[in-house]
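Below is one structure, written out as structure tokens, with a few remarks after it.
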Number of protein chains: 2
Amino acid sequence: MTELEKYIHGYFGVPTDDLAKIVTFFKPVSLKKGEYFLKAGQLSDRLGFVQSGIVREYVEANDKEVTKWISTKGYFVVDLASFVFHQPARWNFQAFTDAELYVIDQKNYQRIGQMVDRWHELEKLFIAKCFTVLEERVLTHLSMTAEERYQQLFAFNKELFNQVPLQYLASMLGMTPETLSRLRKKSF
Amino acid sequence: MTELEKYIHGYFGVPTDDLAKIVTFFKPVSLKKGEYFLKAGQLSDRLGFVQSGIVREYVEANDKEVTKWISTKGYFVVDLASFVFHQPARWNFQAFTDAELYVIDQKNYQRIGQMVDRWHELEKLFIAKCFTVLEERVLTHLSMTAEERYQQLFAFNKELFNQVPLQYLASMLGMTPETLSRLRKKSF
DNA sequence: GCGCGCTCTTGACAAAAATCAAGAAGTCAC
DNA sequence: GTGACTTCTTGATTTTTGTCAAGAGCGCGC
């Protein structure tokens with residue numbers, strides 16, 4: 001099984017023989033550091049899977065860039081509202097480092113639905129899972145301090161703090177770079 | 001068309017003849033003020049639709065109750081993770097006022113999938129929509145001050161501020177009741 | 001090596017929000 | 001009406017976080 005197959009199997013639980021068919025639709029795409037997978041305002045007609053490298057998802061809000069998520073290996077990159085509802089994308093996806101993606105376009109993505117039994121149900125389950133993750137994230141903002149949010153992310157993924165400039169992690173955590181810097185100092 | 005049919009049609013876009021079949025599965029349930037539709041820890045084996053009244057969705061975190069959402073007419077009440085993945089519920093759903101719900105249980109809900117063409121796809125679209133709403137909510141916490149979040153909610157739904165004790169709205173906005181009180185005073 | 005970005009840290013200060021405490025106002029049962 | 005309860009407001013204060021500014025450290029191209 002390729003890596004992509006493993007992840008798709010893990011996320012969607014499709015039978016092995018369907019897997020092979022699905023992954024043939026994905027084409028490798030390389031991004032150079034700084035390149036965009038998708039810019040806000042465009043139509044997100046492609047779904048990407050991060051094979052290597054780091055992709056930042058951000059939006060401009062009141063003259064500031066707000067980083068919503070940082071995707072590493074194993075994450076999908078897509079503006080869901082745009083991909084599903086064919087609206088202009090709200091998020092920018094920019095490669096932080098050189099990155100390798102596997103990418104599928106709308107048309108081929110829809111073919112999966114015709115090809116794989118129960119695909120829409122599996123999709124539903126996957127998106128429901130994503131929804132519950134976001135619910136938890138909202139909860140962290142309702143119930144935790146900046147310090148607690150930092151501690152949680154650090155416990156969840158130490159690696160990230162070596163790979164990504166801290167200012168972007170600060171944004172993703174909903175605090176300023178200065179605050180993050182001070183919190184890190186406190187926790188030696 | 002009943003109200004329930006209208007809402008389901010609006011959310012899912014099912015054909016009219018399927019609608020009638022779907023709504024027959026929903027049974028009216030009355031909740032008295034203070035009663036629970038679902039308690040954290042239980043299995044959420046029912047999906048509810050609010051016909052009238054107000055239902056609060058909250059969780060206990062560090063000795064404090066955190067209100068995640070307040071549902072009025074037209075909202076669904078369900079712990080998605082529990083309903084879909086059969087895990088114990090994380091959220092409590094309590095009636096704030098006397099409330100009328102239409103409720104469907106797991107078993108009948110699954111029958112819809114067998115009965116209505118493309119149902120899983122419509123479900124997917126609905127949940128995707130919910131996901132994007134949550135994305136926006138996360139963004140408000142990453143990019144807006146407490147005051148801006150209050151202003152936004154107030155602009156979106158003034159009514160709520162007459163119907164619900166402010167302390168719970170404060171919690172839902174991620175601030176203390178005192179802070180909300182002061183922000184409201186500022187905006188005369 | 002040198003200069004240039006970029007990133008991070010630090011300090012001083014300001015602003016925002018939380019905490020603690022008290023009391024006012026409204027609602028409800030009796 | 002009275003008392004108990006809940007909710008909301010207000011003030012005083014502390015804590016947390018943001019802002020502004022300066023400088024240190026680092027990597028990279030030339």
Side-chain angles (χ1 to χ4, degrees), chain A residues 32-35 53-54 56 58 60-67 70 94-98 138-154 158-188, chain B residues 32-35 53-54 56 58 60-67 70 94-98 138-154 158-188:
Chain A
K32 286 280 166 211
K33 176 175 177 170
E35 275 188 322
I54 302 180
R56 177 174 69 119
Y58 75 92
E60 311 234 351
N62 326 326
D63 305 344
K64 284 185 308 190
E65 284 187 359
V66 177
T67 297
I70 289 169
Q94 186 182 28
F96 240 143
T97 62
D98 289 359
V138 168
L139 185 61
T140 65
H141 285 280
L142 298 184
S143 65
M144 293 165 79
T145 62
E147 176 161 16
E148 289 167 329
R149 289 199 302 279
Y150 157 64
Q151 296 286 2
Q152 181 181 276
L153 180 62
F154 189 68
K158 281 193 184 38
E159 271 307 292
L160 217 49
F161 290 81
N162 298 322
Q163 300 171 322
V164 174
L166 296 175
Q167 55 183 302
Y168 301 102
L169 296 179
S171 174
M172 190 173 124
L173 285 166
M175 65 186 79
T176 60
E178 293 93 334
T179 297
L180 179 58
S181 176
R182 292 188 176 107
L183 292 177
R184 284 169 63 76
K185 193 182 174 187
K186 266 174 71 176
S187 334
F188 45 94
Chain B
K32 286 280 167 212
K33 176 174 176 169
E35 274 188 323
I54 302 178
R56 177 174 70 118
Y58 74 92
E60 311 233 351
N62 325 325
D63 305 345
K64 285 185 308 189
E65 284 186 359
V66 176
T67 297
I70 289 170
Q94 186 184 27
F96 240 143
T97 61
D98 289 358
V138 168
L139 186 61
T140 66
H141 286 279
L142 298 185
S143 65
M144 292 165 81
T145 63
E147 177 161 16
E148 290 167 327
R149 291 198 303 278
Y150 157 65
Q151 296 285 1
Q152 187 186 60
L153 181 62
F154 189 68
K158 282 193 183 37
E159 271 307 292
L160 216 51
F161 290 80
N162 298 321
Q163 299 170 323
V164 174
L166 297 175
Q167 56 183 303
Y168 301 102
L169 295 179
S171 174
M172 189 172 123
L173 286 165
M175 64 187 79
T176 61
E178 293 93 334
T179 295
L180 179 58
S181 176
R182 292 188 175 103
L183 292 177
R184 284 168 63 75
K185 192 182 174 189
K186 267 174 70 177
S187 332
F188 46 94

Using whole Å, report how far [atom1] of [X] lies from [atom2] of [N].
X: B:Leu169; N: D:dT7; atom1: CG; atom2: P; result: 12 Å
X: A:Arg182; N: C:dT9; atom1: CZ; atom2: P; result: 10 Å
X: A:Leu183; N: D:dT15; atom1: CG; atom2: C1'; result: 13 Å
X: A:Glu148; N: D:dT17; atom1: CD; atom2: C1'; result: 14 Å
X: A:Met144; N: D:dT17; atom1: CE; atom2: P; result: 12 Å
X: B:Asn162; N: D:dC8; atom1: CG; atom2: C1'; result: 14 Å
X: B:Gln163; N: D:dT7; atom1: CD; atom2: P; result: 16 Å
X: A:Phe96; N: C:dC6; atom1: CZ; atom2: C1'; result: 12 Å

Minimal non-hydrogen separation, A:Glu60 against A:Glu65, with atom names: OE2-OE2, 4.1 Å
Nucleotide nearest [X] (side chain, heavy atoms from C-beta), chosen from [options]:
X: A:Ala146; options: D:dT17, C:dA18, D:dT10; result: D:dT17
X: A:Thr179; options: C:dG11, D:dC8, D:dT17; result: D:dT17
X: A:Gln167; options: C:dC8, D:dT10, D:dT7; result: C:dC8
X: A:Leu166; options: D:dT19, D:dT9, C:dT9; result: C:dT9

How long is the span from the [atom1] atom in [X] to the [atom2] atom in [Y], to the nearest 0.5 Å?
X: B:His141; Y: A:Leu173; atom1: NE2; atom2: CG; value: 14.0 Å
X: B:Leu183; Y: B:Glu148; atom1: CG; atom2: CD; value: 10.5 Å
X: A:Met172; Y: A:Arg56; atom1: CE; atom2: CZ; value: 12.0 Å

Donor-acceptor under 3.5 Å (B:Ser171 side chain, B:Thr67 main chain): yes
Presence of A:Lys185 side-chain N/O under 4.0 Å of C:dT9 phosphate oxygens OP1/OP2: no
Distance test, side-chain N/O of A:Thr145 to OP1/OP2 of D:dT16, below 4.0 Å: no
Polar side-chain contact A:Glu178-D:dC20 base: donor and acceptor under 3.5 Å: yes
